[in-house]
2 protein chains.
Amino acid sequence: MTLTPGARRILEVASDLFYERGIHAVGVDTIAAESGVTKRTLYDRFGSKDELVAAYLRARDERWRERVTAAVEAETDPRRRALAPFAVLEDWAADRGCAFVNAFAELDDPGHPGRAVVTGEKEWLRALFAAELTAAGADDVADLALHLLVLHEGALVAHAVAGQPAALRVARDAARGLVERAAAR
Amino acid sequence: MTLTPGARRILEVASDLFYERGIHAVGVDTIAAESGVTKRTLYDRFGSKDELVAAYLRARDERWRERVTAAVEAETDPRRRALAPFAVLEDWAADRGCAFVNAFAELDDPGHPGRAVVTGEKEWLRALFAAELTAAGADDVADLALHLLVLHEGALVAHAVAGQPAALRVARDAARGLVERAAAR
DNA sequence: TCTCGACTACACTGACCTGTGAAGTGTTAC
DNA sequence: GTAACACTTCACAGGTCAGTGTAGTCGAGA
């Protein structure tokens, strides 16, 4: 999906503003103005604000998956591979929290095109944990993968909402212990 | 703080709507209409929408603390006391997720009167974990309390956003194992 | 009887919201 | 040379947003 130059600027600006201020709090006029583009162009490229929101979430999801995938594939030891998402957590965790959790909070309509992206992101991570745990020879993979997901999401919330940066380290250490115990059988 | 009959209805309606649809998505006209009250009354009682939002969060915080406190005090064993917040998690976890995390997503201004309530809620829970862990004779209480907070918040997110209801059980079991290991020494 | 507090009725402001219509400019590709 | 494409300009529709001003009703307590 190749974007026109204007569309790329719109998406960059919208991503920053949606994440920083919230989806409902940012109007299309602001996005168009900050992108140096007219509102007409915005609607010609994206069709509606809802679709722009979905495009924002898809782009962020894609960037994040690339980052996690790269971190996973940089490791060979199955145990370290399962822990890779925790290794990149610190680069990812910003003070406004998880963009997908935040989007979930604002998108109350289950039919919104962005909702599928949000749940897809979490499901992808859970499945990745499950796959790497299986490769590491763990038993009870389903619960273990959920456990890692809980630690991952909990770390982000405790970091951003509760203002506890140490939560990232605590979650990472807990995940490591969990995986090592599971793989040792 | 005794509320007038009108104010009570406004707060009830606002709580439902803010939680279900989101804060920015609900206008004061809707709240007034659904409360069977004029907008004038709403402004006479609460002053502004921001203050109404803060009142909503304070009321929800208060109800939740009462519930958790009751669950903690119903137990005598220090280990079970530390785990009490996980016992009431299932009653609390709804499909729209944690109201405070959702509010954090929408309130980008750190000076918003609701922000203090949100961070206060998380800090209160963390401190409760720390106090009960200390009473249970645990070492390294700070990290353990954070670990429990991570499990707690992660369970809520994994449940609501990721659509994994089993996350509640997984987090509860993990917390139990953690507390029992910590108190055993 | 008088006052006070809770509340109603309702018009109104000014800003902002998403979204559209129509006409026109500049660039590139065939 | 012409057609497709990206984009501009700008006016405008039809709502909704938070918030205010003014005048008045009704019941309870002093």
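Just so we're on the same page: letters track the sequence lines, and every chain starts at 1.
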Atom [atom1] of [X] and atom [atom2] of [N]: how far apart are they, to the nearest Å?
X        : N       : atom1 : atom2 : answer
Lys39(A) : dT18(C) : NZ    : P     : 8 Å
His24(A) : dC16(C) : NE2   : P     : 19 Å
Tyr43(B) : dT22(D) : OH    : C1'   : 18 Å
Leu42(B) : dA9(C)  : CG    : P     : 15 Å
Ile31(A) : dC17(C) : CD1   : C1'   : 12 Å
Asp29(B) : dC17(C) : CG    : C1'   : 14 Å
Ile23(B) : dT16(D) : CD1   : C1'   : 18 Å

Heavy-atom pair with the smallest gap, counting every atom of Arg96(A) and Phe104(B):
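Arg96(A) and Phe104(B) have their closest heavy atoms at NH1-O, 3.2 Å.
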
Closest listed nucleotide, where the reference is the side chain of [X] and the choices are [options]:
X        : options                   : result
Pro5(B)  : dA18(D), dT8(C), dA6(C)   : dA6(C)
Ser48(A) : dC7(C), dG19(C), dA18(D)  : dG19(C)
Arg40(A) : dT18(C), dC17(D), dC10(D) : dC10(D)
Val28(B) : dC7(C), dA18(D), dT18(C)  : dA18(D)

What's Thr38(B) touching, base or sugar-phosphate or nothing? Going by heavy atoms closer than 4.0 Å.
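Since a base atom lies under 4.0 Å of Thr38(B), the category is base.
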
So if I apply the salt bridge (Lys or Arg N to Asp or Glu O under 4.0 Å) rule between Asp61(B) and each of Arg58(B), Arg65(B), Arg63(B), which one comes out positive?
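Only match with Asp61(B) under salt bridge (Lys or Arg N to Asp or Glu O under 4.0 Å): Arg65(B).
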
In residues 107-117 of chain B, what residues come within less than 4.0 Å of DNA chain D, judged by heavy atoms?
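By residue number: none to list.
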
Is the shortest heavy-atom distance from the side chain of Glu20(A) to the side chain of Asp108(B) under 4.5 Å?
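No; the side chains remain at least 4.5 Å from each other.
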
Does the side chain of Ile10(B) reach to within under 4.5 Å of the side chain of Leu3(B), using non-hydrogen atoms?
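They are not in side-chain contact.
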
Base dG19(C) to side chain Lys49(A), donor-acceptor N/O within 3.5 Å cut-off
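There is none.
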
Under 4.0 Å between a side-chain N/O of Thr4(B) and OP1 or OP2 of dC7(C), yes or no?
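The answer is yes; a side-chain N or O of Thr4(B) sits under 4.0 Å from OP1 or OP2.
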
